[in-house]
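What follows is a set of notes on a single structure, which appears directly below.
Hydrogens, waters and symmetry mates play no part in the numbers below; they use all other heavy atoms, side chains included. Both ligands and their constituent atoms are indexed starting at 1 by order of listing.
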Amino acid sequence: MSKALDGVRVLDFTHVQSGPACTQFLAWFGADVIKVERPGTGDITRGQLRDIPDVDSLYFTMLNHNKRSITLDTKTAAGKAVLEELVRCCDVLVENFAPGVLDRTGLTWDRIQALNPRMIAASIKGFGPGPYEHGKVYENVAQCAGGAASTTGFDDGPPVVTGAQIGDTGSGLHLALGIVAALHQRTSTGRGQKVTVAMQDSVLNLCRVKLRDQQRLAHGPLTEYPQYPNGVFGTSVPRAGNASGGGQPGSILKCEGWESDPNAYVYFIVQAPVWDRICTVIGREEWIAHPDYATPEARLGRLRSIFDTIEQWTMTRTKFEVRDVLNAYDIPGGPILSLEELADEPSLRATGTIVEVEHPVRGCHLSVGNPIKLSDSPTVVVASPLLGEHTEQILRDILHLDRNRIAELWNAGALGPAAEGPPPSPPQAASSSVETRSSSRRVR
Ligand SMILES: CC(C)(COP(=O)(O)OP(=O)(O)OC[C@H]1O[C@@H](n2cnc3c(N)ncnc32)[C@H](O)[C@@H]1OP(=O)(O)O)[C@@H](O)C(=O)NCCC(=O)NCCS
């Protein structure tokens with residue numbers, strides 16, 4: 001079956017998380033992603049947070065599915081020349097190095113355009129133009145700079161960063177969308193363009209509702225926040241704890257077993273249209289028409305005591321029993337799921353959102369598959385490449401270099417230390433019949 005991005009070739013000059021997350025999406029959609037890595041070490045994450053000695057870390061394997069790897073020392077003259085040849089043959093270049101690195105490598109925008117006017121050059125940086133544009137940035141710095149940390153946590157505690165990688169993978173997602181838009185525009189203009197995403201901007205985009213609240217604050221207290229009605233509002237949006245980010249009040253409530261299970265909780269939303277059903281479920285029918293409770297406005301000043309009362313009910317059931325009752329009554333809410341529970345969730349396995357991937361060295365491991373489902377372009381998740389696994393294949397099949405030229409490049413140290421010599425042939429492909437749960441290894 002064809003894939004959405006069949007025929008698109010990506011020069012993947014990314015590392016760590018944000019850039020690799022972007023190119024992994026492109027690869028999942030069928031682009032031929034060629035990851036250029038430094039000989040010897042490769043992407044630094046190959047060796048970070050290793051659970052098994054001398055085996056590519058899960059950090060790397062889970063962000064680099066469906067790609068090919070070429071080792072190239074882009075600081076050697078011969079390596080630079082190969083890089084430029086790859087620029088000529090690719091549609092998209094993606095990089096997320098520190099500001100200035102790409103220019104130092106020789107790939108200024110002018111040079112890229114001279115080599116390939118159709119090239120889409122996509123970059124992630126920490127900040128856009130301005131006083132911070134030269135800074136190096138990692139995930140949590142972006143969360144702090146983009147409004148997430150200042151609005152996450154509890155009012156009486158410090159700012160908190162979230163476990164969701166909104167700075168890194170969030171920026172990668174934004175960049176992938178920009179690349180796909182630029183590819184589409186190229187079909188009519190014939191020209192490439194620059195696509196840039198700043199991590200600060202991505203996080204701020206994901207914190208859009210907090211900028212909404214910042215402006216509402218000028219017109220009075222934020223009545224759905226836990227600070228209302230007794231707390232104090234300053235001049236900036238405060239941390240709202242677990243209060244709902246939408247227009248319906250919500251809270252995290254204890255369920256049976258909470259004393260020993262840190263995740264025995266449920267998220268409960270007091271959605272106005274189902275107020276009568278909520279009252280019925282928790283056995284407080286007298287609240288349905290009571291003037292102190294009957295309308296959302298009347299409830300706003302009493303939310304804490306309302307949630308306390310609901311919690312008396314949720315604590316008598318497991319979080320899954322609570323979910324079943326809420327679903328039966330069409331009341332929005334759901335259990336807090338641990339990663340252990342998610343990893344074992346059959347429905348996520350069935351859709352390919354959690355996949356088992358067979359890696360040639362580490363063996364079977366779990367990964368998050370493509371969360372974006374295209375009916376005409378199903379994702380086959382393939383193990384991440386070994387360092388330099390496709391070096392010779394890419395030089396031969398894409399750049400059409402002959403055996404002698406490849407040997408010259410080895411001898412010049414462009415592909416790695418000459419003593420290393422050509423890497424061993426890649427393992428044979430073993431295809432899987434189940435596309436969304438594939439554990440096969442693709443060799444092109
Ligand atoms: C993530 C980040 C902080 C890491 O910083 P770092 O580890 O110091 O790496 P840098 O990006 O500064 O530099 C990479 C260096 O490796 C070199 N390099 C990379 N690939 C190479 C290759 N194949 N061969 C030779 N050299 C290579 C680069 O040329 C550069 O060298 P230089 O600084 O001498 O010019 C930084 O890259 C960054 O801020 N990126 C933008 C924001 C971002 O994406 N952050 C999130 C990452 S998840």
Side-chain angles (χ1 to χ4, degrees), residues 11-25 34-49 57 59-60 62-64 67-87 93-108 111 121-130 132-146 148 161 164-176 178 195-203 385 387-388 390-391 394-395 409 412-417 420:
L11 182 54
D12 181 359
F13 212 9
T14 70
H15 65 161
V16 202
Q17 182 176 170
S18 64
C22 168
T23 51
Q24 182 166 259
F25 276 109
I34 297 169
K35 187 169 174 100
V36 176
E37 297 187 79
R38 196 197 302 253
T41 48
D43 186 327
I44 195 169
T45 59
R46 284 187 187 266
Q48 282 180 334
L49 308 176
S57 71
Y59 194 8
F60 178 84
M62 292 176 72
L63 281 159
N64 289 284
K67 304 179 185 177
R68 298 200 268 178
S69 166
I70 175 173
T71 48
L72 197 60
D73 186 341
T74 57
K75 290 199 171 175
T76 63
K80 269 194 176 76
V82 170
L83 186 65
E84 293 207 342
E85 283 311 306
L86 286 170
V87 170
L93 182 157
V94 188
E95 65 90 22
N96 69 307
F97 290 122
V101 169
L102 199 63
D103 285 358
R104 286 201 291 279
T105 308
L107 291 181
T108 59
R111 182 66 187 150
S123 301
I124 293 176
K125 299 288 165 255
F127 294 92
Y132 310 114
E133 68 183 292
H134 300 296
K136 289 184 175 180
V137 169
Y138 283 106
E139 170 71 47
N140 289 347
V141 180
Q143 288 198 27
C144 293
V161 294
Q165 304 288 282
I166 57 177
D168 280 340
T169 292
S171 298
L173 264 169
H174 282 86
L175 193 70
V195 180
T196 51
V197 165
M199 295 172 75
Q200 180 184 41
D201 300 8
S202 297
V203 173
L387 178 60
H390 307 96
T391 301
I394 289 162
L395 297 175
L409 289 171
L415 310 177
E420 260 181 27

Legend entry - Flag for T45-Q17: side-chain donor and acceptor within less than 3.5 Å: no
Inset, instruction - Kindly identify the option in T14, L72, L63 whose heavy atom sits closest to atom 23 (N) of ligand 1. - result: L72
Legend entry - Contact check, E139 vs ligand 1, heavy-atom distance below 4.0 Å: no
Inset, instruction - Look at the aromatic rings of F127 and Y132 and report parallel, tilted or perpendicular, splitting at 30° and 60°. - result: tilted
Inset, instruction - Check whether any N or O atom of F13, backbone or side chain, sits under 3.5 Å from an N or O atom of ligand 1, and answer yes or no. - result: no
Legend entry - Set of salt bridge (charged side-chain N to carboxylate O under 4.0 Å, His left out) partners for R104, sequence neighbours left out: none
Legend entry - SB check E95 K125 (cutoff 4.0 Å): yes
Legend entry - Pair D43 + K35: basic N to acidic O under 4.0 Å: yes
Legend entry - Polar proximity ligand 1 side, G126 side, N/O cut 3.5 Å exclusive: no
Inset, instruction - Answer with yes or no whether the side chains of T23 and K67 bring together a donor and an acceptor at under 3.5 Å. - result: yes
Inset, instruction - Consider every N or O of T74 and every N or O of ligand 1, then say whether any pair is closer than 3.5 Å. - result: yes
Inset, instruction - Would you check whether D168 has a nitrogen or oxygen atom less than 3.5 angstrom from a nitrogen or oxygen atom of ligand 1? - result: no
Legend entry - Whether S18 lies under 4.0 Å from ligand 1, heavy atom: yes
Inset, instruction - Look only at interatomic distance and state if A98 has a nitrogen or oxygen under 3.5 Å from any nitrogen or oxygen of ligand 1. - result: yes
